[in-house]
Amino acid sequence: MSGKNGLFLVIMASILAACTTKHNFDTQSIETAVRGVMNDQVKAWNEGNVEAYMNGYYKSDSLRFASGGTITLGWQFVLDRYKKRYSSRALMGQLTFSDLDVTIVSPDAAIAFGKWQLQRENASPGGLFTLLFRKTDQGWRIVHDHTSAAVEE
């Protein structure tokens with residue numbers, strides 16, 4: 001019985017050590033890269049350049065964008081959706097992101113959560129987003145975007 005208890009203690013100690021081990025990758029540089037992509041997106045959007053804004057997304061058929069009860073798959077389809085929905089500078093408005101929280105999941109994955117807001121002449125829609133970033137051959141890019149709009153009261 002003491003042999004089994006000893007083995008149990010060794011296994012538990014190994015699990016505990018694995019749970020408390022420091023990351024062996026640079027979380028700060030990953031967070032800086034993710035925030036850099038998002039800053040570039042805001043700049044491009046506010047210049048009215050949807051194509052440059054899309055540089056933050058993984059240029060792949062596997063890109064997933066979920067919003068308003070619909071799912072759009074593929075980089076080109078997401079671009080087309082943006083162009084249709086924001087067909088003029090007035091509709092685009094000025095974009096800001098706030099309350100940004102970046103969680104590093106692994107050396108090649110991060111999650112960004114925050115608020116978005118558009119400032120237009122007569123409206124200021126906004127909402128929440130959750131973005132899954134992956135380190136790809138194109139750099140850090142959004143591979144999954146779930147964006148919601150706040151209900152206007």
Side-chain angles (χ1 to χ4, degrees), residues 14-153:
S14 298
I15 291 171
L16 182 59
C19 291
T20 60
T21 301
K22 292 264 186 198
H23 297 296
N24 60 355
F25 50 91
D26 185 359
T27 59
Q28 186 58 48
S29 67
I30 295 171
E31 181 171 348
T32 299
V34 166
R35 287 178 180 271
V37 169
M38 296 184 72
N39 289 338
D40 290 346
Q41 284 189 299
V42 168
K43 182 176 185 279
W45 186 272
N46 291 337
E47 292 172 350
N49 190 339
V50 176
E51 287 83 3
Y53 175 83
M54 286 295 296
N55 287 337
Y57 289 95
Y58 186 43
K59 196 168 189 175
S60 167
D61 291 339
S62 66
L63 172 64
R64 180 184 311 255
F65 182 91
S67 183
T70 62
I71 298 171
T72 305
L73 295 174
W75 187 91
Q76 185 63 52
F77 292 109
V78 173
L79 172 61
D80 294 345
R81 180 191 182 282
Y82 272 118
K83 284 185 170 183
K84 181 178 179 182
R85 186 167 175 98
Y86 301 99
S87 58
S88 69
R89 281 297 293 127
L91 288 174
M92 289 180 77
Q94 291 292 300
L95 175 66
T96 56
F97 293 143
S98 63
D99 300 336
L100 186 60
D101 179 42
V102 178
T103 302
I104 312 307
V105 179
S106 72
D108 66 349
I111 298 170
F113 176 83
K115 295 179 180 178
W116 64 273
Q117 186 82 46
L118 290 180
Q119 190 60 48
R120 298 178 179 155
E121 187 173 326
N122 296 317
S124 55
L128 303 174
F129 61 81
T130 304
L131 309 171
L132 174 59
F133 280 83
R134 298 298 303 253
K135 186 174 184 180
T136 72
D137 57 346
Q138 300 162 21
W140 282 93
R141 296 292 184 265
I142 300 163
V143 298
H144 179 91
D145 178 337
H146 186 198
T147 297
S148 64
V151 177
E152 293 184 34
E153 297 180 19

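This one's a predicted model, so the numbers in the text were calculated from it and none came from an experiment.
- Taking both residues in full, the closest heavy atoms of P125 and A123 are given as CD-C, 3.7 Å, listed atom of the first, atom of the second, then distance.
- Minimum heavy-atom separation, P107 to I30: O-CD1, 3.8 Å.
- A heavy-atom distance below 4.5 Å is found between the side chains of M54 and V78.
- The environment of R85 atom CZ is sparse: at most 12 non-hydrogen atoms of other residues, nucleotides or ligands sit within 6.0 angstrom.
- Scanning all heavy atoms of the two residues, the minimum distance from S67 to T147 falls at OG-O, 3.0 Å.
- Rounding to the nearest 0.5 Å places NZ of K59 at 4.0 Å from CH2 of W75.
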Evaluate N55 against Q138 for side chain to side chain contact (heavy atoms under 4.5 Å, CB included), listing each step before the verdict. CA-CA 9 Å; N55 287 337; Q138 300 162 21; over 6 Å; no
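- Listed by first then second residue, pairs satisfying side chain to side chain donor-acceptor pair (under 3.5 Å) with a partner in residues 110-123 read D99-K115, not counting sequence neighbours.
- Considering OG1 of T32 and CD of Q28, their distance stands at 4.5 Å, rounded to 0.5 Å.
- Note: W45 and Y53 meet the aromatic proximity criterion, with ring centroids under 6.0 Å apart.
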List the steps, then state whether side chain to side chain contact (heavy atoms under 4.5 Å, CB included) holds for M92 with S87. CA-CA 8 Å; M92 289 180 77; S87 58; over 6 Å; no
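- Distance check: D145 CG to L131 CG gives 5.0 Å after rounding to the nearest 0.5 Å.
- For CG of D61, the number of neighbouring non-hydrogen atoms (other residues, nucleotides, ligands) closer than 6.0 Å is 12 at most.
- By the side chain to side chain contact (heavy atoms under 4.5 Å, CB included) test, T130 is found to be paired with I111, F113, residues two or more places apart in sequence or in another chain being considered.
- A distance of 4.5 Å separates CG of L79 from NZ of K83, quoted to the nearest 0.5 Å.
- Taking both residues in full, the closest heavy atoms of A112 and L100 are given as CB-CD1, 4.0 Å, listed atom of the first, atom of the second, then distance.
- No side-chain heavy atom of F133 sits less than 4.5 Å from a side-chain heavy atom of V143.
- S60 contributes atom OG, which lies 12.0 Å from atom CZ of R134 (distance to the nearest 0.5 angstrom).
- Between A110 and V34 the shortest heavy-atom distance is CB-CG2, 4.0 Å.
- Proximity of Q94 to L118: side-chain heavy atoms (C-beta onward) are nowhere separated by under 4.5 Å.
- Remark: R35 CZ is packed, more than 12 non-hydrogen atoms of other residues, nucleotides or ligands lying under 6.0 Å away.
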Tell me, with the steps shown, if Y58 and I142 meet side chain to side chain contact (heavy atoms under 4.5 Å, CB included). CA-CA 6 Å; Y58 186 43; I142 300 163; over 6 Å; no
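- Using cut-offs of 30° and 60° on the angle between ring planes, the pair F65 and Y82 is perpendicular.
- Rounding to the nearest 0.5 Å places CD of E31 at 10.5 Å from CG of D26.
- In this structure, H144 and Y57 have side chains that are not in contact, with every pair of non-hydrogen atoms separated by 4.5 Å or more.
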